[in-house]
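Every chain is numbered from 1 and lettered A, B, ... according to where its sequence line falls, protein lines coming before strand lines.
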Amino acid sequence: MNTQEPGMTLIVKTITRLTVGLILLFGIYIVSHGHISPGGGFAGGVIIALSFIHIMLAFGKEAAFKRINQKAASFFESLGAIMFLTIAILGMVSGYFFLNFGMKGEPFELFSAGTMPLSNIAIAFKVGSGLFMIVVILVLLKIDKKEEEK
Amino acid sequence: MTNHLLPLFVIIPLASAFVNSLLGKRIKGFSDIISSIATLFLAVISVYSVFLIKDSGMIVYKVGGWAPPIGISMVMDGLTSFMLVTVNVIAFFISIYSINYMEKYTEKWNFYCLFLLMIAGMNGVVISGDMFNLYVFLEIAAISSYALVAFGTEHEGLEASFKYAVMGTVASSFILLGIVFLYSFTSTLNMADMSMEIARKGASCIVLLASVLFLMGFGLKSALVPFHAWLPDAHPSAPAPISAMLSGVLIKSLGIYALIRIFFSVLGAEPKILSIMMVLGVLSMMVGVILAIGQWDLKRLLAYHSISQVGYIILGIGLGTPLGILGGLFHLLNHSVFKSLLFLNSGAVEYAVGTRDLEKMGGLREKMGVTANTSLIASMSIAGIPPFNGFWSKMIIIAACVEAGHFAFAFCAVIGSILTLASFMKVQRYAFFGELKSTLNQIKEAPFFMKLSMIVLAVICVAGGLLLLPDVSKVFLGPARDAVLAGSEYAKDVFAALR
């Protein structure tokens, strides 16, 4: 149908343009409030990844790669894992592996609960970029198969 | 007193795995160096842990400072340190072997990343004192092994990996279901606490159901005979270091160790379950070796022998007597040494000749002296010829069978050993002895690091029998056997070590 432009129809593109920023923002909200409200690093990371996948579905893969390419996603994935491990090892320095040092949790306080917000951010990096990479690989494999058929 | 040694067994491989994936691509040779250093360090601290256990008895580590049964614990006793030595020493030699072997593959850093993740998973399974944590680490090790089997991305590897992934996932589901039932019964996930609860509540159908689920799940992971179908496909199609790792230590730490830990320490050694284990062991022993004789693919033949040797280990442990357990554990260690060595040999042959078909080889002894001699030593060890290590452990297992009055099992073990000898005579005859084929005139011996790790493993094969000397056995094998025999004393020891 639309041979000139990659991606879906005008309606989908317009709606995506309006919502994608909100989805990303919501993901960041879920991650940063993970320790005081439902949600956390995993759920927030999935939502952040979904915002990029959304762009990929609506505008085609090139548009998504312009924002975050595979190298960067792979880098963030390893970085997230190392961050998480580093936080755990820092706990070991002050007593036990994975010890939650620092301040105690306060209800409705964003800056509380010691290492937990940091761990949430690390997990969000790991899960978000990991999920994005999985979808990218599925997309690329499908293209390869089509080329073979031709 | 807190001992920070225990979490290091998980931290080091995890950290080096992710540093590898971050920097391995950018700096040439970085992944070789960091993986070798990490595995060397792991091997050293695992050997050190043996002496630590001898001095201080059981060590319990509270992760995050939360005491069990609320928090997650890491527990190290004789059996744990025995398994850690087995896993990490073998992993070190396989890691330095891979420096040369993996040259022919692209993306070496990805290989090392997955390899170290697998070690992290195995160490985690061995060191964990928490039922659900054991499951999580088991999945880490299993999933990285699925990816590693397909690392060559050839047709055969992908197919085997898919089959392995399906079967492995079925096994994991059984294990998870078993854990769920036990959790619903005891309301705790800590192994020591669970063991006490089960002892307090007495026998129940739920525990029996969970035992059957565990037997199926871990039986599938350790490739006991009715559940063995994935192994002869998955092990040969992986790259040689990974075949060595899978056959040498993965099926032992994920399958056999978990079986021992759950059935002896948590559920208490039930005679019914033990007799099932013995029967399965004898069945695997015979079926594995009979299927192995007919194989012409070198690595496939070795894979079938893994099934057979796992049968010996399970038979020894299923006897439940001190001598039987000692034999089973000793055979576990020996098998991981000589089977890794044999797979590394097959890798060296494949590296030089480019085939795994025994009919296309011949007379390799002339060109590949080190590979031929080390494989001769390993073959004699696995066949149980004195004075190599395999002889001593098989002898103990057979003696334990006779002592316990199971003459039929002892007879089967002898027959299995003779058939093993027959099939390895075939390997030696077709691959290394005989006339050198004219097509093979150009081949060269394997590079330095491959030779080095093969030679050291062969030396361990020769010297392995020394572990039975009373003074050495008191430090290494003895505590492992006592930890298994302690049974439900495990729970009391854990809570005593906490105080």
So does Lys108(B) pair up with Glu103(B), basic N to acidic O under 4.0 Å? yes
Enumerate, atom names and distances included, each donor-acceptor pair closer than 3.5 Å involving a side-chain atom of residues 35-60 of chain A, sequence neighbours excluded.
| unit_1 | atom_1 | unit_2 | atom_2 | d |
| --- | --- | --- | --- | --- |
| His35(A) | NE2 | Leu110(A) | O | 2.7 |
| Ser37(A) | OG | His33(A) | O | 3.1 |
| Ser51(A) | OG | Ile48(A) | O | 2.6 |

For Phe162(B), I'd like to know if atom CZ has over 12 heavy atoms of other residues, nucleotides or ligands within 6.0 Å. no
Within 6.0 Å of OH in Tyr105(B), more than 12 heavy atoms from elsewhere: yes
Non-hydrogen atoms of chain A under 4.5 Å away: do they reach the side chain of Leu8(B), the backbone, both or neither? side chain
I'd like to check [X] versus [Y] (side-chain heavy atoms, cut-off strictly below 4.5 Å). Are they in contact?
X         : Y         : value
Ser98(B)  : Phe111(B) : yes
Ile99(B)  : Ser36(B)  : yes
Met191(B) : Tyr490(B) : yes

Taking only residues two or more places apart in sequence, or in another chain, which ones meet Thr188(B) in a side-chain hydrogen bond (donor to acceptor under 3.5 Å, both in side chains)? Asp193(B)
May I ask you to check whether Ser16(B) and Tyr112(B) show a side-chain donor-acceptor distance below 3.5 Å? no
Using heavy atoms and a sub-4.5 Å threshold, report which of residues 124-142 of chain B line up against chain A, by residue number. none
How about residues 78-87 of chain A versus chain B: which residues have heavy atoms under 4.5 Å apart? Ser78(A), Leu79(A), Ala81(A), Ile82(A), Leu85(A)
Measure across Tyr96(A) and His4(B) and return the closest heavy-atom pair with its distance rounded to 0.1 Å. CA-CE1, 4.3 Å
